[in-house]
Amino acid sequence: MNTVEDINEILYFYSPNCSQCREVTELLKTLDNKSNIRYIDGDKNTEISRKYNIEFYPTVIVLDNQNNILEDFSGAKKIINYVKKVFIH
């Protein structure tokens, strides 16, 4: 499991029409001062979605300082559990 110090950036892929995404978005907004989070509307940003092979929303990709992927999760439950373990002890 990563620590906050390991994380450079979190890429959060969502769709405005996704009900699970709304729940995850609310949680991630509470972390805005603790981590660098990029909110990416996957419907509008198809190029970056293809780059990371995004197939489902919500999806989170956690990057280290060299932009290597540390973790990736799809689905609200997995994302929420990860956020709680790493950021909300």
Side-chain angles (χ1 to χ4, degrees):
M1 179 65 63
N2 302 304
T3 65
V4 175
E5 293 79 23
D6 297 328
I7 299 170
N8 179 49
E9 184 173 39
I10 295 174
L11 305 179
Y12 170 52
F13 294 86
Y14 69 95
S15 171
N17 300 321
C18 167
S19 61
Q20 287 187 2
C21 296
R22 290 185 207 109
E23 181 181 2
V24 173
T25 299
E26 287 179 30
L27 177 62
L28 291 178
K29 286 191 181 284
T30 67
L31 304 178
D32 280 347
N33 62 343
K34 295 181 182 180
S35 188
N36 182 21
I37 301 171
R38 282 180 51 197
Y39 297 84
I40 302 166
D41 180 338
D43 295 338
K44 292 182 180 178
N45 298 284
T46 55
E47 188 173 318
I48 191 168
S49 295
R50 278 194 301 269
K51 175 182 176 181
Y52 288 103
N53 299 314
I54 304 303
E55 297 180 6
F56 305 102
Y57 302 116
T59 295
V60 162
I61 296 179
V62 182
L63 303 175
D64 68 10
N65 289 324
Q66 287 76 42
N67 288 325
N68 297 312
I69 297 174
L70 295 172
E71 302 278 354
D72 64 289
F73 302 97
S74 293
K77 186 174 182 174
K78 288 180 183 177
I79 294 168
I80 291 168
N81 287 340
Y82 176 80
V83 167
K84 287 180 179 180
K85 287 179 185 173
V86 174
F87 294 97
I88 307 169
H89 310 289

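Keep in mind the model is a prediction, meaning the values are calculated, not measured. Below, all heavy atoms of this structure are taken into account, side chains as well, without hydrogens, waters or symmetry copies.
Linking Ile, Leu, Val, Met, Phe, Trp and Tyr whenever their side-chain heavy atoms come within less than 4.5 Å puts Leu70 and Leu31 in one cluster. When the side chains of ILVMFWY residues are joined at heavy-atom separations under 4.5 Å, either directly or via intervening members, Phe87 and Val24 end up in a single hydrophobic cluster. Note on Tyr82 and Ile37: same hydrophobic cluster, where clusters join Ile, Leu, Val, Met, Phe, Trp and Tyr whose side-chain heavy atoms are under 4.5 Å apart, directly or indirectly.
Within the 4.5 Å cutoff, side-chain heavy atoms of Leu28 are placed close to those of Val83. In this structure the side chain of Leu27 reaches within 4.5 angstrom of the side chain of Ile88, judged on heavy atoms.
Lys78 contributes atom NZ, which lies 9.5 Å from atom CG of Asp72 (distance to the nearest 0.5 angstrom). How far CD of Gln20 is from OG of Ser74: 10.0 Å, rounded to the nearest 0.5 Å. Here the CG-NZ distance, from Asn33 to Lys29, works out to 13.0 Å after rounding to the nearest 0.5 Å. In this structure, Ser35 OG and Ile10 CD1 are separated by 3.5 Å, a value rounded to the nearest 0.5 Å. Atom CZ of Phe56 sits about 14.5 Å away from atom CZ of Phe13, to the nearest 0.5 Å. Expressed to the nearest 0.5 Å, how far CZ of Arg38 lies from CG of Asn36 amounts to 8.5 Å.
The two residues Asn67 and Asn8 come nearest to each other via the heavy atoms OD1-ND2, 3.9 Å. Across every non-hydrogen atom of Ile80 and Glu23, the tightest pair is CD1-OE2, 3.4 Å. A pairwise comparison of heavy atoms in Ile54 and Ile61 identifies CD1-CD1, 3.8 Å as the closest pair. Contact detail for Cys21 and Pro58: the closest heavy-atom pair is SG-N, 3.6 Å.
Shown here are the side-chain contact (heavy atoms from CB on, under 4.5 Å) partners of Glu26, two or more places apart in sequence or in another chain: there are none.
Here the two rings, on Tyr57 and Tyr14, have centers that are 6.0 Å apart or farther.
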task: Check the pair Leu11 / Leu63 against side-chain contact (heavy atoms from CB on, under 4.5 Å), numbers first and verdict last.
output: CA-CA 8 Å; Leu11 305 179; Leu63 303 175; 3.8 Å; yes

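Using the six-membered ring where Trp is involved, Tyr12 and Tyr39 have ring planes that are perpendicular, over 60° apart on the 30 and 60° scheme.
Counting only distance, with no hydrogens or angles, the side chain of Asn45 and the backbone of Ile48 share no donor-acceptor pair below 3.5 Å.
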